Amino acid sequence: MSERKNPYPFDVFEPAWQAVWDEEKTFKVLNPGEEGFDATKPKCYVLDMFPYPSGAGLHVGHPEGYTATDIVSRYKRMNGYNVLHPMGWDSFGLPAEQYAIKTGQHPSITTYANIDTFRRQLKMLGFSYDWDREIATTDPTYVRWTQWIFLRLYHSYYNEELKKARPVSELEAKGWTREQIDNVRLAYVAEGMVNWSPDMGTVLANEEAEEWKSKGHIVERRKLRQWMLRITAYAERLIDELEPLDWPESIKLLQRNWIGKSMGAEVNFTCQGKTITVYTTRPDTLFGATYMVLSPEHELVNEITTAEQKEAVEAYQTVCAAKSDLERTESKDKTGVFTGAYAINPVNGKEIPIWIADYVLTGYGTGAIMAVPAHDSRDYEFAVKFGLPIIQVVQPDNAETPWQDFCGYDGTMVNSEHLNGLSVPEAKKQMTAWLEEKGYGCGKVNYKLRDWLFSRQRYWGEPFPIVWNTKDGNHYAIPESELPLLQPEMEDFKPSGDPRGPLVKATQWIQYSEDFTRETNTMPQWAGSCWYYLRYLDPKNDQAFIDPEVEKYWMGGNNPGGVDLYVGGTEHAVLHLLYARFWHKVLYDYGLVSTNEPFNKLVNQGLILGEDSQKMSKSRGNVVNPDDIVREYGADSLRLYEMFMGPLKEVKPWQTKGVEGISRFLARVWRVAMAENQEGEWELSGKITAEDNGEVTPVRKEVHKTIKKVTEDIEAMSFNTAISKMMECTNAMTGAATVTVSDYVQLLHVLNPFAPHITEELYSILCKQFTTLPACQLCQQPWPTFNPEYLVENTKEIVIQVNGKLRDKITVAADASKEEVEAAALASARVQEFTAGKTIRKVIVVPGRLVNIVAN
RNA sequence: GCCGGCUUGGCGGAAUUGGUAGACGCGCUCGACUCAAAAUCGAGUUCGAAAGAGUGUGGGUUCGAGUCCCACAGCCGGUACCA
């Protein structure tokens with residue numbers, strides 16, 4: 001390393017201020033009911049997506065969002081808000097468990113060691129968290145309430161009329177059977193086809209399956225009993241209640257697409273006296289249905305298949321069953337087999353052949369479709385391949401568009417008896433009504449969203465607070481008094497290949513009582529992150545998951561309610577942000593939280609790329625370590641640089657040279673007040689003066705412009721432009737012979753949320769010499785206001801264009817009339833040069849800005 | 001394929017939302033200080049010798065377009081037969 005002397009002594013004062021904030025609990029915020037709580041202040045809840053404490057430590061992506069929220073938090077505090085700004089750890093997870101398996105160490109040891117590293121690193125950056133509210137999802141005191149919420153789900157069903165969760169005890173009272181109730185619980189057990197890896201001993205999400213297979217693991221399709229959460233019950237609310245939120249439109253769209261609402265109809269076809277119901281979004285095209293397709297797993301396939309086709313159908317079913325969802329969609333080449341059976345189309349009594357094909361999915365709609373090859377691309381492709389008939393029923397309105405494979409809505413019905421001549425949307429409406437009237441079907445809304453597979457075969461997760469009765473085979477909740485239910489201490493938590501997961505090996509733990517054994521699955525990592533933002537409100541409460549009064553203050557009451565600002569990456573756009581909304585709504589239905597949505601405002605920070613504009617990764621060797629940057633340039637420089645790189649939301653590449661530039665800027669701020677003496681020690685330079693005759697100097701004007709700009713930019717979260725304004729202000733001070741202490745302190749003040757250490761240090765040094773300054777920290781003083789009078793200019797520069805091209809600039813009095821400005825513009829020598837020999841057709845005067853002279 | 005987003009100097013990015021394109025920073029050039037270098041300070045820096053041209057490309061609206069409209073291209077992200 002070079003022997004470069006630090007441009008200012010951040011290595012000394014940064015840790016010193018962090019120690020002060022720690023010891024004095026400068027950023028601790030009180031709850032209602034606590035002594036000293038100021039109820040007159042408005043609240044502001046500023047939340048970060050809490051990190052998974054990986055072994056690699058913090059990367060530069062973390063401080064990006066965290067600095068943004070820290071600036072907002074500090075700014076809001078200075079503006080008189082009670083600011084809740086907490087931090088915690090999403091500490092369950094597979095990497096810790098795999099590391100544990102490899103090293104033989106218990107996952108809690110590595111997890112808590114990693115947390116210590118993360119905490120150290122975050123404190124090193126001077127974030128103003130209230131560390132007394134720190135939580136970890138793996139803490140028994142946290143697990144207890146995660147399991148408690150799970151039991152809420154378990155004991156609930158979704159009441160379709162009230163459109164909210166209600167306790168299943170209501171149904172018991174109505175005489176529902178145990179089986180009926182189990183079929184409607186929000187947390188339920190179901191047999192389903194899942195991706196199972198025998199050598200890893202766990203189920204895998206569809207997204208994970210291919211990845212692990214390519215690493216040499218075995219992944220097979222297997223029917224397993226799994227815990228599911230009935231998120232589909234909330235599909236409608238998850239779409240509707242998304243609308244008013246202050247979220248990026250792109251994220252809302254992502255969620256909307258994921259939930260995938262579509263409006264259509266179910267239509268009953270008959271086949272050998274049996275009813276086969278299909279789902280379609282295009283009931284208008286029923287007259288164009290020329291065949292039917294069932295998914296290979298459809299329950300009626302075996303019943304209707306004819307003897308001649310039996311062999312072919314079964315062979316096809318076998319092939320499909322072996323494929324994962326991913327493999328099934330890998331090739332869009334259509335495959336399928338004729339069942340030999342025919343269905344009767346209710347609209348015209350015509351017989352159409354029934355096929356099975358894997359392009360029809362079991363899990364969506366009814367698992368059966370009517371195929372309208374003329375107006376559906378997939379059906380069209382299939383019909384062409386297997387030589388099935390194609391009947392036109394829609395004529396596109398645009399005459400140039402061929403009707404074959406026309407799937408649009410801008411068309412007119414043909415060959416459709418009573419629908420002929422109608423527009424597509426109108427025909428859709430009329431056909432749905434007709435089906436309902438005749439009892440052939442009904443209008444139906446469908447969602448792509450599937451229920452949430454909630455169990456994992458892992459050790460390092462929350463165990464389900466559930467036991468199984470060995471006699472009746474039913475599941476039962478354990479009493480709340482037994483929470484938290486922790487994993488047993490185990491020497492060997494390696495996967496065994498048993499689909500019940502590693503906990504089966506804890507034979508004593510499993511045996512709950514003579515007739516009851518414990519559920520051995522654990523919850524996914526998402527469970528803890530579904531409600532952590534609520535636990536921060538009241539993290540030490542051992543009576544309730546939150547005190548209702550506390551919840552009301554932080555989440556409800558004040559407009560608009562919920563978390564006021566939530567910042568994190570786009571990678572959680574659908575999973576975490578959907579799951580958390582779902583849990584929140586269940587809690588809301590029970591009156592346990594005050595708002596139906598948890599996060600009122602969401603902002604996604606953009607990814608930071610490596611210096612090579614590629615995604616940072618170990619294999620590329622372009623990873624930047626925050627520890628190195630802090631050592632070399634200081635925490636303030638890292639914070640400021642990450643905010644200066646570009647707009648928070650954009651993807652942007654890292655440039656270490658840019659950090660140097662920021663470091664130079666902070667050094668210039670330092671040297672406005674400080675100079676080195678002969679011994680090489682820093683001391684006040686004498687440039688800062690107490691003398692202040694009230695004159696509005698250029699520096700003072702600049703300071704007030706800066707206050708205005710920084711205030712507006714923080715509100716708009718446009719931190720990069722705020723910083724460039726503060727640079728201009730600093731440059732003005734550097735160029736001035738003297739700077740009054742009040743002007744300088746105001747600059748320090750607006751810079752404080754961005755670079756808290758250097759500003760507090762300079763302020764505390766100034767306080768010793770200028771004893772009239774308030775003796776408390778800058779971060780505890782009110783945000784400065786600008787004086788509008790200082791911003792008024794008495795002259796203005798006016799741009800003069802001839803035919804839209806810049807030709808001259810003139811300076812006029814700020815209050816000059818339109819006529820005066822026009823006259824001055826026409827008098828310009830440059831204008832006369834460019835209009836010579838031409839006729840002036842028009843003169844446009846934009847007050848205070850420009851004059852455009854049109855001449856030819 | 002479908003759905004989003006982005007495209008401005010050598011680089012990261014500004015531009016009061018239709019009104020001086022290139023703020024601020026990096027880099028580079030020159031100068032001051034120094035025996036010298038680093039650091040620091042100061043000047044310059046879109047291209048072009050100039051006329052002029054210029055915000056991915058081509059068209060349009062307008063007195064005036066980076067900004068609005070139409071068409072296209074490239075890159076990034078999401079999604080994947082959802083009937």
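These numbers were taken from a predicted model, which means no experiment stands behind them. Below, chain A is the first sequence line, B the second, and so on; all start at residue 1.
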Classify every nucleotide of nucleotides 43-50 of chain B by which part a protein heavy atom approaches to under 4.0 Å, writing B for the base, S for the sugar-phosphate alone and - for neither, in 5'-to-3' order. --------

Encode nucleotides 62-79 of chain B as B, S and - characters from 5' to 3', where the letter depends on protein heavy atoms closer than 4.0 Å: B to the base, S only to sugar-phosphate, - to neither. -BS-------------SS

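- Of the candidates A83(B), G27(B), G12(B), A83(B) carries the atom nearest the Ser262(A) side chain, counting heavy atoms from C-beta on.
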What would the secondary structure line of RNA chain B be in dot-bracket form, counting Watson-Crick and G-U wobble pairs under 3.5 Å, with [ ] for pairs that cross earlier ones and | for pairs with another strand? (((((((..(((......[....)))((((((.......))))))((....))..(((((..]....))))))))))))....

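- For Glu819(A), there are no salt bridge (Lys or Arg N to Asp or Glu O under 4.0 Å) partners, not counting sequence neighbours.
- The list of salt bridge (charged side-chain N to carboxylate O under 4.0 Å, His left out) pairs with a residue in residues 719-738 of chain A, not counting sequence neighbours, reads Glu702(A)-Lys725(A).
- By the side chain to side chain contact (heavy atoms under 4.5 Å, CB included) test, Lys708(A) pairs with Glu712(A), Phe786(A), Leu791(A), sequence neighbours left out.
- Looking at residues two or more places apart in sequence or on another chain, you find no salt bridge (Lys or Arg N to Asp or Glu O under 4.0 Å) involving Asp636(A).
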Sequence neighbours left out, cut at 3.5 Å: what donor-acceptor pairs do the side chains of residues 664-676 of chain A make with other protein atoms?
residue: Arg668(A); atom: NE; partner: Asn731(A); partner atom: OD1; Å: 3.1
residue: Arg668(A); atom: NH2; partner: Asn731(A); partner atom: OD1; Å: 3.2
residue: Glu676(A); atom: OE2; partner: Lys5(A); partner atom: NZ; Å: 3.2

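- Of the candidate nucleotides U20(B), G52(B), C3(B), G52(B) has the atom nearest to the side chain of Arg807(A).
- Every residue meeting the side chain to side chain contact (heavy atoms under 4.5 Å, CB included) condition with Pro353(A), not counting sequence neighbours, appears here in chain and number order: Tyr291(A), Phe338(A), Tyr342(A), Trp355(A), Leu388(A).
- RNA chain B lies under 4.0 Å from at least one heavy atom of each of the following residues of residues 723-732 of chain A: Ser724(A), Met727(A), Glu728(A), Asn731(A).
- Residue Thr721(A) places its side chain closer to A15(B) than to any other of C26(B), A15(B), A21(B).
- Both Glu381(A) and Gln655(A) lie close to RNA chain B; mapped to their nearest nucleotides by heavy-atom distance, the more 5′-ward contact belongs to Gln655(A).
- Here Asp451(A) pairs with nothing under the salt bridge (Lys or Arg N to Asp or Glu O under 4.0 Å) rule; sequence neighbours left out.
- With sequence neighbours left out, Asn257(A) forms a side chain to side chain contact (heavy atoms under 4.5 Å, CB included) with Leu253(A).
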